[in-house]
Amino acid sequence: MTDQAPKKRIAIFGSTGSIGTQALDVIRANPGMFEVEILTAQTNDELLITQAMEFRPNAVVIGDHARYEKVKSALASTDIKVFAGESALEEVADFDTYDMMLAGIVGFAGLKPTLRAVEKGRAVGLANKETLVVAGDIVMQTAIEKRAPIIPVDSEHSAIFQCLVGEVRNPIEKIILTASGGPFLGKKPNYLVNVKREHALQHPNWSMGAKISIDSATLMNKGLEMIEAKWLFNLRPDQIQVVIHPQSIIHSMVQFEDGSIKAQMGLPDMKLPIQYAMAFPARVKNDFPRFSFRRYPSLTFEEPDVKTFRNLQLATEALNMGGNMPCILNAANEIAVWAFLRNRIGFLDMTAMVEKTMQKLPFIEKPDLQQYFDSDGEARNFAASLINL
Ligand code: NAD
Ligand code: MG
């Protein structure tokens, strides 16, 4: 990009999270390329205020109403607009003043504002995988109709996206999603039954928000990513394969119809896929640490243990069934992770909760958006009712 090119105006939804703060690191390092238009946070008012003072966005949203006055008065000396509450996320997503939404909210809560950006035809850098897991058909159809580019931020999907550059006419035979295996790789149920949140939050290769860290430990994250990949790359379930790769150097692969496989590699650092999505199609010079084969003399691969990590099986079932089943899986999983993080249920109970909810809720083959919201609510209620059993 030349110096004369206008700066890309970025709206960071979930700016106080792991993805959001790293997106701001990328912007801080490239002040000539990007500027911040919107910042949003749910409860971390202190960090939101600090970010707003540094990056001077047009608007900020604090999700929690009770914190509005604090944010408003802290920013009183600026002309930054301050909003509060869930509906404000959609209100600011409706603004015409940003070029790309960086969708970094965690969970189902990201769906509405992200869909709003897509409806506006805005580019979306998508970290919030739950948006596609829940309502991938509606989101992708809308993106096509409104010509809204969706650029993946999730490292595996960014890898696949990067492998597909220059391959528009070449069909994909299959994709190979790599998974680190998480902190409990190789462990069996007799071990997992006793693990606590502190164990499960220790990911070997990535430092991430609490929810995705637990999802990585249970392999639900990889299940959600299979569903995300189906929608992003228009794949059949049988074209999506998962392989365990504990070093997290190959971020994922695409196999084409001639049998050739392309892989995208690098050290595990989310700033790279975040930067790639924000600057796409440009590659921007940076000083991130470089990969060295000397430090990684062997890259290894193995089959996932789906008998132990049954979430991967449940997610595959949801992927195969389609309809509202991925939405049900996701909602039950959000409740399960919430309960595990509060020491209300055990590690293996999370899978049981998801399985029971999938068995209980009525299947809808072609839900509309309201039916997705209803399924989400019903699945949450049912899953929550299992907590004290
Ligand atoms: P995080 O918990 O660190 O941050 C979440 C952000 O969302 C925070 O800014 C928080 O204020 C906001 N938020 C939380 N609940 C909200 C709600 N109900 N309404 C509005 N805002 C809310 O999460 P994260 O690790 O940054 O992950 C964000 C998303 O990116 C997730 O969907 C995750 O799966 C995906 N992702 C993350 C990583 C990673 O390395 N962290 C990698 C790939 C994909
Ligand atoms: Mg990922």
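Just so you know, ligand 1 is whichever comes first in the structure, and atom 1 is the first atom listed for that ligand. Values reported hereafter were calculated over all heavy atoms of this structure, with side chains retained and with hydrogens, waters and symmetry mates removed.
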D137 and K366: salt bridge (charged side-chain N to carboxylate O under 4.0 Å, His left out), yes or no, with the steps? CA-CA 9 Å; D137 53 348; K366 194 99 191 66; 3.7 Å; yes

Top protein contact for atom 27 (O) of ligand 1, by heavy-atom distance: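 Checking every protein heavy atom, the shortest distance to atom 27 (O) of ligand 1 gives I19 CG1, 4.1 Å.
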
Which residue supplies the protein heavy atom nearest to atom 35 (C) of ligand 1, what is that atom called, and how far is it?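 Answer for atom 35 (C) of ligand 1: A127 O, 3.1 Å.
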
Counting only heavy atoms, which portion of [X] has something under 4.0 Å from ligand 1: side chain, backbone, both, or neither?
| X | answer |
| --- | --- |
| M270 | side chain |
| S15 | backbone |
| K211 | neither |

Does any N/O atom on [X] come nearer than 3.5 Å to any N/O atom on ligand 1?
| X | value |
| --- | --- |
| S18 | yes |
| G17 | yes |
| G209 | yes |
| N221 | no |
| A109 | no |
| T16 | yes |
| T40 | no |
| M208 | no |

Are [X] and [Y] within salt-bridge range, i.e. N to O under 4.0 Å?
| X | Y | value |
| --- | --- | --- |
| K7 | D99 | no |
| R122 | D96 | yes |
| E91 | R116 | no |

Within 45° of the six-membered ring axis of Y98 and under 6.0 Å from that ring's centre, is NZ or CZ of K120 located there?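 Because its charged atom misses either the 6.0 Å distance or the 45° angle limit, K120 does not stack over Y98.
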
Which N, O or S atom of D154 lies nearest to the Mg ion (ligand 2), by name: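 Relative to the Mg ion (ligand 2), the closest nitrogen, oxygen or sulfur of D154 carries the name OD1.
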
If you have a sec, read the angle at the Mg ion (ligand 2) from E225 atom OE2 over to E156 atom OE1, to 10 degrees.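 E225 OE2 and E156 OE1 form an angle of 100° at the Mg ion (ligand 2).
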
How close do K222 and T178 get, counting heavy atoms only, and between which atoms?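 Heavy atoms only, the tightest pair is NZ-O, 2.9 Å.
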
